[in-house]
Undergrad: 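Structure below; questions to follow.
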Amino acid sequence: MGQNIKFSVKITEDDLFRFNLHHSYTSSQGILSVVLFVLLIVVWILRFAVLSPLYRVFYPLIAVIFLLYIPLTLKARVKVQIKQEVFSYPITYELKDEGLWISSPSSEEPAVLPWEYIYKVSTWKGYLLIYSNRVNAYIIPIADILSDYDNIVAFMKSHIEDYKIQIK
């Protein structure tokens with residue numbers, strides 16, 4: 001095809017947290033926690049007059065726990081994840097005809113993800129996400145690749161099936 005495209009990005013704790021939060025709240029667990037929060041608040045409001053003082057406090061407290069459990073546990077997990085050696089350095093991506101090559105000073109050999117093994121490519125709130133499966137994605141802050149963004153998207157569109165590309 002054409003010329004390879006090479007770029008590097010540094011993932012921050014905030015990048016990792018935002019991606020994990022997005023992914024959690026679009027999963028069944030995240031949706032269920034929001035539904036339970038809403039149900040508890042609705043029951044609390046509708047039944048407030050007949051609830052004992054203990055339950056008047058108990059219902060909103062449990063509702064808030066349902067709502068905050070996911071972000072608080074993710075925050076703790078991301079704090080541990082970001083300390084991994086792979087996140088200490090910028091990650092270098094190279095788009096080649098054979099696939100996506102991912103390298104970092106923390107690993108000796110680059111990882112190669114053939115184009116046909118890419119699950120999907122999407123954009124979300126300032127990120128280009130390249131999924132290797134339904135759950136795991138390479139997180140690329142668009143601000144870090146702005147000068148090459150159009151070329152990167154064009155290269156991927158020429159190597160990945162249309163139905164796998166969800167770029168806005």
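Fair warning: this is a prediction, and the values are worked out from it, not measured in the lab. Reckoned from all heavy atoms, side chains included, excluding hydrogens, waters and symmetry mates.
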Undergrad: Is it true that atom NZ of Lys6 has more than 12 heavy atoms of other residues, nucleotides or ligands lying nearer than 6.0 Å?
TA: no
Undergrad: Parallel under 30°, tilted from 30 to 60°, perpendicular over 60°: which one fits the rings of Tyr93 and Phe7?
TA: parallel
Undergrad: So, does Ser104 use its side chain to make a donor-acceptor pair with the main chain of Ser107 at under 3.5 Å?
TA: no
Undergrad: Applying the side chain to side chain contact (heavy atoms under 4.5 Å, CB included) test to Tyr138, which of Leu113, Leu128, Leu129, Ile118 qualifies?
TA: Leu113
Undergrad: Does a sphere of radius 6.0 Å around CD in Gln84 hold more than 12 heavy atoms from other residues, nucleotides or ligands, not counting ones at 6.0 Å or beyond?
TA: yes
Undergrad: Going hydrophobic residue to hydrophobic residue with side-chain gaps under 4.5 angstrom, can you get from Val35 over to Ile41?
TA: no
Undergrad: Can you find a heavy atom in the side chain of Ser103 that is under 4.5 Å from one in the side chain of Ile91?
TA: no
Undergrad: In this structure, would Val38 and Leu46 fall into the same cluster of hydrophobic residues linked by side-chain contacts under 4.5 Å?
TA: yes
Undergrad: Can you confirm whether more than 12 heavy atoms, excluding those of Glu116, are under 6.0 Å from its CD atom?
TA: yes
Undergrad: Quick one: are Asp15 and Lys10 in side-chain contact, heavy atoms under 4.5 Å?
TA: no
Undergrad: What residue pairs, at least two apart or across chains, pass side chain to side chain donor-acceptor pair (under 3.5 Å) with a residue in residues 33-58?
TA: none
Undergrad: Flag the pair Ser122 / Ile167 as yes when at least one side-chain heavy-atom distance between them is below 4.5 Å, and no otherwise.
TA: no
Undergrad: Would a hydrophobic clustering, with Ile, Leu, Val, Met, Phe, Trp and Tyr connected at side-chain separations under 4.5 Å, put Tyr59 with Ile65?
TA: yes
Undergrad: Taking C-beta and beyond as the side chain, do Lys79 and Glu13 meet within less than 4.5 Å on heavy atoms?
TA: yes
Undergrad: Side chains of Leu16 and Ile139, heavy atoms from C-beta outward: is any pair under 4.5 Å?
TA: yes
Undergrad: Is it true that atom CH2 of Trp101 has more than 12 heavy atoms of other residues, nucleotides or ligands lying nearer than 6.0 Å?
TA: no
Undergrad: Are Val34 and Ile62 connected, step by step, through hydrophobic side chains (Ile, Leu, Val, Met, Phe, Trp, Tyr) whose heavy atoms are closer than 4.5 Å?
TA: yes
Undergrad: Distance alone, cut at 3.5 Å: any donor-acceptor contact between the side chains of Tyr131 and Asn136?
TA: no
Undergrad: I'd like to know if the side chain of Thr123 and the backbone of Lys168 have a donor-acceptor N/O pair within less than 3.5 Å.
TA: yes
Undergrad: For residues Ile5 and Phe155, report the shortest heavy-atom separation together with the two atoms involved.
TA: CD1-CB, 3.8 Å
Undergrad: Could you check whether any side-chain N or O of Trp115 sits under 3.5 Å from a backbone N or O of Lys96, counting only pairs where one atom can act as donor and the other as acceptor?
TA: yes
Undergrad: When clusters are formed by joining ILVMFWY residues with side-chain heavy atoms under 4.5 Å apart, either directly or through shared neighbours, do Val64 and Val57 land in the same one?
TA: no
Undergrad: Examine distances only and state if a side-chain atom of Lys157 and a backbone atom of Ile152 form a donor-acceptor pair shorter than 3.5 Å.
TA: no
Undergrad: I want to check a possible cation-pi pair here: Lys75 against Phe17, using under 6.0 Å from ring centre and within 45° of the ring axis as the test.
TA: yes
Undergrad: Taking side chain as C-beta onward, heavy atoms only, is Leu100 less than 4.5 Å from Val112?
TA: no
Undergrad: Apply side chain to side chain contact (heavy atoms under 4.5 Å, CB included) to residues Ile102 and Thr92 and explain how you reach the verdict.
TA: CA-CA 6 Å; Ile102 305 106; Thr92 301; over 6 Å; no
